[in-house]
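First comes the structure, then the notes that go with it.
Only heavy atoms go into these numbers, but all of them, side chains included; no hydrogens, no water, no symmetry mates. Order of the sequence lines fixes the chain letters, A, B, ..., with proteins taken first and strands second; residue numbering starts at 1 for each chain.
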Number of protein chains: 2
Amino acid sequence: MTNGNARGLRHEMGRNFTYEILQRLGVDIVTGTYGVGNPFPTEAELCKQLGASRSVLREAVKMLTAKGLLKARPRQGTWIEPERNWNLLDPDVLYWLLERKFSPGLLLEFTQVRLAIEPLAAALAARHADAKAKEAITAALNRMKAAEAGDDDPLTSDIAFHVAILEASGNRFYAQLRGLIEAALRTSIRLTNRRKGVRLASVADHQRVADAIFASDPDAASAAMRHLMVEAMTLIEQAKETMEATGAEED
Amino acid sequence: MTNGNARGLRHEMGRNFTYEILQRLGVDIVTGTYGVGNPFPTEAELCKQLGASRSVLREAVKMLTAKGLLKARPRQGTWIEPERNWNLLDPDVLYWLLERKFSPGLLLEFTQVRLAIEPLAAALAARHADAKAKEAITAALNRMKAAEAGDDDPLTSDIAFHVAILEASGNRFYAQLRGLIEAALRTSIRLTNRRKGVRLASVADHQRVADAIFASDPDAASAAMRHLMVEAMTLIEQAKETMEATGAEED
DNA sequence: GCAGGTATTATATATGATAAATACAGGCCC
DNA sequence: GGGCCTGTATTTATCATATATAATACCTGC
């Protein structure tokens with residue numbers, strides 16, 4: 001074992017070495033570590049650099065290929081795909097981008113997705129939600145109330161609320177936003193925390209969504225959810241302008 | 001080489017053997033080949049069954065893991081994740097599902113996604129589309145007109161039109177629907193082709209969307225696009241009812 | 001009955017050898 | 001000169017095998 005010492009690096013996080021390499025490469029790729037002056041290395045080269053065996057490295061590269069970040073051909077090497085081919089709707093990819101290469105622009109674009117989907121999801125929930133789904137919404141709302149009093153986490157309870165509605169919609173694609181929204185909300189908190197006066201949408205606004213769903217009123221549910229989304233988007237737009245005015249970088 | 005004869009199977013399709021195994025396993029998984037009576041085999045077992053080496057098989061399995069279809073642990077084996085964890089928004093996964101395990105229900109749910117996104121995309125396009133994006137829309141529309149006269153392919157020109165608008169929106173997530181819509185439209189053609197009288201949305205309806213975008217009228221663009229989406233959804237709903245009435249299976 | 005060690009059996013990792021694909025250079029013909 | 005063929009070098013793809021690690025079941029001694 002020529003590089004057994006590298007095994008010492010293998011600690012927290014992903015259960016095994018392959019997943020560590022996956023994360024490492026994923027982050028390096030989306031943050032632009034590789035580019036014109038620093039092309040993506042060959043398999044053998046990367047093995048040396050990362051202290052990984054070829055099995056581990058190749059499997060990580062294949063996973064990144066499956067997510068659209070890389071492509072490989074014999075003799076031509078392995079290269080980073082243009083960003084338009086990345087699977088932005090893959091939770092890992094979105095997480096790497098938002099967490100490690102934060103840009104209000106991307107968050108804004110993602111919030112436009114939420115603006116498109118979530119009001120319709122609320123309307124569908126108002127039509128189709130079964131007892132179990134309604135319970136989940138109530139539970140999440142209660143957590144938000146508890147969080148207001150300091151007895152629960154505001155972030156995870158907010159996530160739980162939106163996820164509960166997406167799942168209540170009965171649309172499997174809507175429910176897929178689960179992981180994406182989690183990634184997005186976790187990073188947008190960083191943004192809104194900067195300015196103290198600013199807060200996330202109130203519990204009352206969320207309550208209105210839930211009430212409309214329980215009243216089986218699709219239009220009201222949709223409108224109430226749209227209100228939440230527009231509010232979130234406004235916050236992000238303001239933060240973006242602030243960041244741009246104070247001279248932060250954008251992608 | 002104990003199973004060199006298997007190489008003879010390696011022909012069309014994916015450039016290499018790993019991708020063939022990926023497709024094969026992906027399809028087998030989504031079509032329900034593995035289940036209670038037929039658990040997912042061990043690595044060694046699958047190698048034998050498919051005539052693949054461990055490298056090839058492991059890399060394919062890792063790609064499926066990256067798409068949320070599989071998960072593996074030492075001693076516990078490799079198993080199929082519950083469907084709610086599959087990355088439905090991964091083009092490969094959606095393609096396998098729609099192409100090999102067709103269900104009007106899933107197509108309907110996906111069309112709900114289009115119903116949510118595409119009107120907003122058209123509105124954004126009306127606001128932000130640059131000259132190049134508008135050219136692409138015009139080109140696609142011309143292809144649709146040519147297709148009406150039999151001089152182009154109706155399916156690919158229709159896809160090109162919707163993709164052009166998604167890309168004109170400037171939202172990178174919206175543009176991601178590209179691959180998904182292609183998969184969906186290719187399969188929904190099968191559905192609408194069954195009943196002869198039924199046709200896809202007219203060129204005139206598409207023209208209205210383009211006109212509104214060129215006139216920088218977001219609301220009109222959104223409304224015109226929503227009209228297309230509702231039309232498509234109605235078709236699928238009818239087909240679904242027909243299929244259910246004639247006793248076809250659903251997922 | 002239970003605590004702790006041991007055997008078992010999956011995947012995970014490491015590594016060497018060989019095959020296939022293709023960019024590139026060099027030589028040939030016209 | 002320009003286009004075409006061909007050989008070579010380089011990179012990933014594939015195959016094979018050995019070893020490590022992890023999770024579980026089992027077993028043993030008390």
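Here the CG-CG distance, from Leu46(A) to Leu57(A), works out to 5.0 Å after rounding to the nearest 0.5 Å.
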May I have the step-by-step check of side chain to side chain donor-acceptor pair (under 3.5 Å) for Trp96(B) and Gln23(B), ending in yes or no?
CA-CA 8 Å; Trp96(B) 293 328; Gln23(B) 299 290 325; 2.9 Å; yes
Applying salt bridge (charged side-chain N to carboxylate O under 4.0 Å, His left out) to Arg178(A) and Glu182(A), what does each step give before you reach the verdict?
CA-CA 6 Å; Arg178(A) 195 171 9 119; Glu182(A) 173 141 6; over 6 Å; no
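Nearest heavy-atom pair, Tyr34(B) versus Pro41(B), reported as atom, atom and distance to 0.1 Å: CE2-CD, 3.7 Å. In terms of heavy-atom proximity, Ser157(B) sits nearest to Asp153(B) at OG-O, 2.7 Å. Considering every non-hydrogen atom in both Gln112(B) and Asn171(A), the closest pair reads OE1-ND2, 2.5 Å.
Atom CG of Leu57(B) and atom C1' of dA10(C) are 14 Å apart (whole Å). In this structure, the CG atom of Leu50(B) is 14 Å from the P atom of dT14(D), given to the nearest Å. The interatomic distance linking Arg58(A) (CZ) with dG16(C) (P) rounds to 16 Å, in whole Å. Atom pair Glu45(B):CD and dT9(C):P shows a separation of 14 Å (rounding to whole Å applied). Straight-line distance from the CG atom of Asn16(B) to the P atom of dT11(D): 19 Å, rounded to whole Å. In this structure, the OH atom of Tyr19(A) is 11 Å from the C1' atom of dT11(C), given to the nearest Å. Distance CZ (Phe17(B)) to C1' (dA19(C)): 14 Å, rounded to an integer number of Å.
Within the nucleic acid shown, Thr42(A) comes within 4.0 Å of sugar-phosphate atoms alone, with no base atom in reach, counting heavy atoms only.
Put simply, the side chain of Ile159(B) reaches to within 4.5 Å of the side chain of Leu155(B), judged on heavy atoms.
Comparing Lys62(A) and Ser55(A) by the nucleotide of DNA chain D whose heavy atom lies nearest to each, the residue mapping closer to the 5' end is Lys62(A). Remark on DNA chain C: of its neighbouring residues Arg54(A) and Glu43(B), the 5'-side contact belongs to Glu43(B), judged by nearest-heavy-atom nucleotide.
Within residues 68-78 of chain B, the residues approached by DNA chain C to less than 4.0 Å at the level of any non-hydrogen atom are Ala72(B), Arg73(B), Pro74(B), Arg75(B), Gly77(B), Thr78(B), in residue-number order.
Proximity of Ser53(B) to the phosphate of dC15(D): a side-chain N or O atom is located under 4.0 Å from OP1 or OP2.
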